[in-house]
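Here is the naming used below: chain letters follow the sequence lines, and residue numbers restart at 1 for every chain. Keep in mind the model is a prediction, meaning the values are calculated, not measured. Side chains are part of it too, since the values below use all heavy atoms of this structure and drop only hydrogens, waters and symmetry mates.
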Amino acid sequence: MAYWLLKSEPASYSWEQLEKDGFTAWTGVRNYAARNFLRQMQPGDQAFYYHSGEGTEIVGIARITKAFYQDPTSEDSNWVAVDIEPVKKLDKAVTLRQIKGEKRLAEMALVKLSRLSVQPVTEAEWNTVLELAGEKAWL
DNA sequence: GCCAACGTTGGC
DNA sequence: GCCAACGTTGGC
């Protein structure tokens with residue numbers, strides 16, 4: 001099982017909206033690097049849900065429920081989407097500031113490749129973020 | 001194939 | 001609102 005991080009501006013689609021909807025199709029990715037990661041996602045993989053713009057923090061954990069398929073919002077077969085569902089809202093959101101201040105997370109794509117909207121997370125990074133979120137018992 | 005111009009993302 | 005990072009476009 002792999003770990004990922006998905007970015008979204010809460011003004012366009014927030015974690016709260018995802019919880020309300022129960023699931024969503026992750027569409028609209030128009031960047032090749034991000035697209036390549038979408039193609040690697042498997043059902044059961046987990047992803048941090050990050051709010052960019054307002055918030056700049058990891059707010060929850062989502063799960064991939066459906067592997068990639070052609071993005072229905074594009075006629076170009078280059079672009080793909082996956083389906084996700086909410087798993088758990090973090091007890092304490094983990095802010096970008098915290099992440100930047102944590103040595104063990106210095107190599108996170110969120111820090112190094114700040115503009116990438118779909119990124120891989122290592123198992124060590126995943127566990128460290130959960131620790132910062134006060135979710136140790138949930139590991 | 002190089003590179004300048006330009007557009008977009010996202011933090012601050 | 002500003003600016004850095006970076007992807008894309010288009011001229012040569």
Side-chain angles (χ1 to χ4, degrees):
Chain A
M1 188 181 69
Y3 299 104
W4 310 96
L5 183 144
L6 297 171
K7 264 189 214 173
S8 181
E9 294 204 27
S12 62
Y13 195 85
S14 66
W15 168 261
E16 288 72 24
Q17 190 63 45
L18 176 62
E19 282 193 330
K20 199 189 272 184
D21 292 345
F23 75 99
T24 198
W26 204 253
T27 59
V29 171
R30 299 290 184 271
N31 169 283
Y32 284 99
R35 190 278 312 267
N36 291 342
F37 291 127
L38 284 180
R39 292 174 69 108
Q40 292 173 36
M41 291 182 180
Q42 295 294 327
D45 284 359
Q46 291 184 303
F48 284 133
Y49 199 98
Y50 177 82
H51 278 172
S52 61
E54 297 169 51
T56 65
E57 58 191 6
I58 295 172
V59 291
I61 297 168
R63 181 188 290 121
I64 312 304
T65 57
K66 187 176 175 189
F68 76 93
Y69 52 94
Q70 187 181 336
D71 187 336
T73 67
S74 171
E75 284 172 21
D76 187 342
S77 60
N78 251 321
W79 304 121
V80 303
V82 298
D83 286 355
I84 66 168
E85 65 181 5
V87 174
K88 186 181 193 310
K89 181 176 181 170
L90 294 181
D91 285 344
K92 292 184 289 179
V94 178
T95 65
L96 182 61
R97 198 192 162 102
Q98 278 179 282
I99 290 167
K100 284 184 169 171
E102 170 55 61
K103 266 203 175 107
R104 290 173 292 167
L105 299 177
E107 298 300 314
M108 260 189 101
L110 193 62
V111 179
K112 293 253 159 166
L113 304 167
S114 60
R115 289 184 55 211
L116 190 59
S117 63
V118 177
Q119 25 181 288
V121 174
T122 68
E123 190 173 1
E125 289 163 352
W126 182 267
N127 292 336
T128 301
V129 171
L130 285 182
E131 193 184 307
L132 293 177
E135 299 280 357
K136 224 168 178 179
W138 195 72
L139 280 174

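- To the nearest angstrom, C1' of B:dG11 lies 13 Å from CD1 of A:Ile99.
- The stretch residues 31-41 of chain A participates, sequence neighbours left out, in these side chain to side chain donor-acceptor pair (under 3.5 Å) pairs: A:Arg35-A:Asn78.
- Considering only side-chain N and O atoms, A:Lys7 lies under 4.0 angstrom from the phosphate OP1 or OP2 of B:dG10.
- To the nearest angstrom, P of B:dG10 lies 12 Å from CG of A:Leu6.
- Checked against side-chain hydrogen bond (donor to acceptor under 3.5 Å, both in side chains), A:Glu85 has the following partners two or more places apart in sequence or in another chain: A:Arg63.
- Residues that satisfy the ring pair (Phe, Tyr, Trp, His ring centres under 6.0 Å) test with A:Tyr49, not counting sequence neighbours, are A:Trp15, A:Trp26, A:His51.
- The side-chain hydrogen bond (donor to acceptor under 3.5 Å, both in side chains) check on A:Asp45 picks up A:Trp4, with sequence neighbours excluded.
- Summarising the geometry, the separation between CD on A:Gln98 and C1' on B:dG11 is reported as 16 Å, rounded to the nearest angstrom.
- For the pair A:Glu57 (side chain) and A:Val59 (backbone), a donor-acceptor distance under 3.5 Å is absent.
- Distance A:Leu5 CG to B:dT9 P: 17 Å, rounded to the nearest Å.
- Straight-line distance from the CE atom of A:Met108 to the P atom of B:dG11: 12 Å, rounded to whole Å.
- Rounded to a whole Å, the CD atom of A:Glu9 is 6 Å from the P atom of B:dG10.
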> Using a cut-off of 4.0 Å between protein heavy atoms and nucleotide atoms, how would you tag nucleotides 1-8 of chain B 5' to 3' with B, S and -?
Replying inline: ------BB
Extract all donor-acceptor atom pairs below 3.5 Å that involve side chains of residues 112-119 of chain A and protein atoms in other chains or at least two apart in sequence.
residue, atom, partner, partner atom, Å
A:Lys112, NZ, A:Glu107, OE1, 3.4
A:Gln119, OE1, A:Leu110, N, 2.7
A:Gln119, NE2, A:Leu116, O, 2.8

